[in-house]
Amino acid sequence: MAGSAIGLGNIWRFPYMVGEHGGAAFIIVYILATLFLSLPIFLSESILGRRTHLGPFGALAKISPGTKWKYMGLLTIISALIILSFYSVVGGWSVDYFVKSLTLSFSRGGADSVPAVFGSFISKPVAPLVCHTIFLLLTALIVGFGVKKGIELFSKVTLPLLFILIVVILVYSLSLPGSSAGIAYLVKPDFSKITVETVAYAMGQSFFSLSLGVGTILTYSSHISKSENLMASGIGTAASDMGFAMLAGFAVMPAVFAAGIAPGAGPGLIFETLPYIFAKMGEASPVISAVVAILFFLTILVSALTSSISMLETGVSYLEEEKGMRRWSAVGLLFLLTWTLGALCSLSFGPLADVQIFGCTIFELCDKLTANFLMTLGGFLFTIFAGWKLSKDDLRDELSSGGLHRPVAFRLTVFLIRYIAPIVIITIFITNLFL
Ligand code: TRP
């Protein structure tokens with residue numbers, strides 16, 4: 001679950017969200033949103049998954065037999081696959097940048113030419129498509145080997161590595177002259193920056209980062225044993241996810257400030273700004289900056305894979321459980337579907353840029369549709385199901401693992417699951433609808 005949570009959301013999205021929405025003030029709202037909103041949704045998904053030992057479709061069908069609720073479960077699975085499609089495009093960019101760092105291309109042609117490389121790369125038709133294909137193939141390969149021998153093994157080996165790598169990059173970043181301004185930006189809150197928008201973005205970030213609302217956590221939880229402490233694994237996952245986001249923030253921002261760049265550089269932050277920094281630092285110490293560049297893009301690539309496998313697994317487990325398909329066949333089928341949608345997303349930065357639906361490119365549409373609507377809808381569904389379709393005794397049974405341990409803050413948790421989370425989610429949903 002930590003592997004699913006830790007990904008592009010932490011290294012790519014978190015730093016630029018912080019940069020665009022007010023630094024430390026945003027971080028505080030993000031932490032509060034994680035504790036009081038995301039964690040209850042996470043627990044709802046965990047409870048539904050472990051109680052039924054089924055994915056979203058089967059879980060809802062089992063809890064509400066004979067109703068059509070299960071089709072809402074199916075919708076969450078489809079949402080996970082839409083996310084996989086465009087996530088794999090960004091994963092593909094990280095494949096390309098990893099190769100670029102290995103072949104030392106940032107140090108060629110002068111630092112000032114580096115940021116423009118990104119725009120010209122993503123607008124090409126073929127190269128990003130090839131990278132998207134490679135990334136999705138890697139994802140499919142890991143998922144094909146199964147939950148234990150593929151997903152769990154890969155995540156267990158790579159997660160500690162990711163933490164080590166990000167700390168190495170952080171140390172490098174902090175050693176750069178002028179980095180202290182970046183630290184100040186991350187720790188000194190300016191509360192005047194907090195607006196309704198900041199709150200909405202912080203919640204959205206927290207949601208995305210914990211992989212909520214699309215049945216992924218529910219699917220992973222269907223494999224948790226009856227004796228496992230759900231609250232502990234929820235808090236553990238949220239803490240590692242927030243911890244990793246903070247480490248990534250402290251690895252990226254000081255370098256950005258050291259290079260004299262504005263923090264609100266947006267989504268291009270890690271693909272334009274950081275290679276520029278590596279190239280600039282490379283003029284003084286070529287070996288160190290080349291090594292750090294390689295480690296940095298490796299970290300991005302691997303963390304993206306630990307997440308993409310969780311999205312694919314959400315669909316694969318549905319086809320296995322409900323349609324009786326073999327794992328490799330299910331993987332193959334979903335590979336074809338997500339590859340196709342992903343290819344359209346990839347081309348929407350170049351040849352298909354003019355294809356606009358509701359004023360968005362295909363990539364933006366997939367991103368907005370899932371982040372603003374489908375994920376919130378799914379989050380609502382799961383809290384309602386866990387909070388209201390299960391009895392209080394069922395909830396106590398799950399949160400205490402059948403009486404094995406005392407459930408921590410039980411009354412507060414149930415209150416958050418039943419009332420606060422659904423009300424807040426519906427408010428976000430309606431706000432997004434009007435915006
Ligand atoms: N949480 C992942 C990240 O931060 C992304 C992710 C994985 C995800 N699975 C998901 C997002 C399911 C939404 C839904 O990069």
Side-chain angles (χ1 to χ4, degrees), residues 1-18 30 33-34 38-39 41-42 44-46 49 55-56 73 75-94 135-136 139 142-143 151 154-155 158-159 162 166 201-221 234 237-249 267 270 299-318 334 338 366-379 381-382 425:
M1 290 203 281
S4 172
I6 294 172
L8 295 170
N10 305 58
I11 312 183
W12 168 63
R13 209 167 183 272
F14 181 74
Y16 84 74
M17 291 302 271
V18 173
Y30 158 79
T34 301
S38 299
L39 197 54
I41 303 171
F42 189 100
S44 304
E45 288 201 36
S46 296
L75 182 66
T76 67
I77 298 169
I78 294 170
S79 316
L81 295 171
I82 297 177
I83 297 177
L84 175 60
S85 307
F86 72 83
Y87 199 86
S88 170
V89 173
V90 185
W93 300 345
S94 69
F135 183 83
L136 202 55
T139 305
I142 301 168
V143 174
I151 295 173
F154 183 77
S155 307
T158 55
L159 272 178
L162 287 176
I166 200 79
Y201 278 110
M203 285 180 187
Q205 173 60 24
S206 170
F207 245 65
F208 184 83
S209 197
L210 273 174
S211 313
L212 298 177
V214 299
T216 297
I217 295 303
L218 198 158
T219 302
Y220 270 17
S221 301
T237 308
S240 24
D241 185 48
M242 283 194 285
F244 198 85
M246 292 303 289
L247 289 172
I270 62 167
T299 310
I300 295 178
L301 173 58
V302 173
S303 72
L305 278 171
T306 62
S307 299
S308 61
I309 54 180
S310 72
M311 302 173 206
L312 183 57
E313 174 61 23
T314 310
V316 167
S317 79
Y318 165 73
L334 295 181
T338 48
C366 290
D367 178 10
K368 293 216 168 105
L369 184 70
T370 48
N372 297 350
F373 298 107
L374 294 174
M375 288 179 74
T376 34
L377 194 65
L381 178 74
F382 295 137
I425 303 169

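When a ligand or atom number is given, it counts from 1 through the structure's own listing order. Along the sequence shown, the residues carry numbers beginning at 1.
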Subject >> Atom indices of ligand 1 within 4.0 angstrom of T216 heavy atoms, with elements >> reply: 12 (C)
**OP:** Enumerate the atoms of ligand 1 whose separation from the nearest heavy atom of M311 is less than 4.0 angstrom.
**Re:** 5 (C), 6 (C), 7 (C), 8 (C), 9 (N), 10 (C)
**OP:** Please work out whether any backbone atom (N, CA, C, O) or any side-chain heavy atom from C-beta onward of M375 is under 4.0 Å from ligand 1, and answer side chain, backbone, both or neither.
**Re:** side chain
Subject >> ligand 1 N/O within reach of F208 N/O, cut-off under 3.5 Å >> reply: yes
Original post:
So, S221 side chain and G49 main chain: donor-acceptor pair closer than 3.5 Å or not?
Top reply: no
**OP:** Measure across L210 and S38 and return the closest heavy-atom pair with its distance rounded to 0.1 Å.
**Re:** CD1-CB, 3.7 Å
Subject >> Side-chain (S307) to main-chain (I6) donor-acceptor, under 3.5 angstrom >> reply: yes
**OP:** Would you indicate which of G9, G91, S4 comes nearest to atom 2 (C) of ligand 1 when only heavy atoms are counted?
**Re:** S4
Original post:
In ligand 1, which numbered atoms sit nearer than 4.0 Å to a non-hydrogen atom of I83?
Top reply: 13 (C), 14 (C)
Original post:
Any heavy atom of Y87 sitting closer than 4.0 Å to ligand 1?
Top reply: yes
**OP:** Distance to 0.1 Å, residue and atom name: give those for the protein heavy atom nearest to atom 12 (C) of ligand 1.
**Re:** V214 CG2, 3.3 Å
Original post:
Just by distance, do the side chain of Y87 and the backbone of L8 share a donor-acceptor pair under 3.5 Å?
Top reply: yes
**OP:** Tell me whether the centres of the aromatic rings in Y30 and F14 are closer together than 6.0 Å.
**Re:** yes
Original post:
Which atoms of ligand 1 have any heavy atom of A5 under 4.0 Å away?
Top reply: 1 (N), 2 (C), 3 (C), 4 (O)
**OP:** Please determine if L8 has a nitrogen or oxygen closer than 3.5 Å to a nitrogen or oxygen of ligand 1.
**Re:** yes
Original post:
Is there a donor-acceptor pair closer than 3.5 Å between any side-chain N or O of S88 and the backbone N or O of S85?
Top reply: no
**OP:** Provide the number and element of each atom of ligand 1 under 4.0 Å from a heavy atom of S310.
**Re:** 7 (C), 9 (N)
Original post:
Can you list the ligand 1 atoms lying under 4.0 Å from a non-hydrogen atom of N10?
Top reply: 4 (O)
Original post:
Does S209 reach ligand 1, in the sense of a heavy atom lying below 4.0 Å from it?
Top reply: yes
**OP:** Using atom types as modelled and distance alone, determine if a side-chain donor or acceptor of Q205 lies under 3.5 Å from a backbone N or O of M17.
**Re:** no
Original post:
Counting N and O atoms only, with roles assigned by atom type, does the side chain of S206 sit under 3.5 Å from a partner on the main chain of A202, one being a donor and the other an acceptor?
Top reply: no
Original post:
atom 8 (C) of ligand 1: which protein heavy atom is closest, and how many Å away?
Top reply: S211 OG, 3.6 Å
Original post:
How about L39 and T34: do any of their side-chain heavy atoms sit closer than 4.5 Å?
Top reply: no
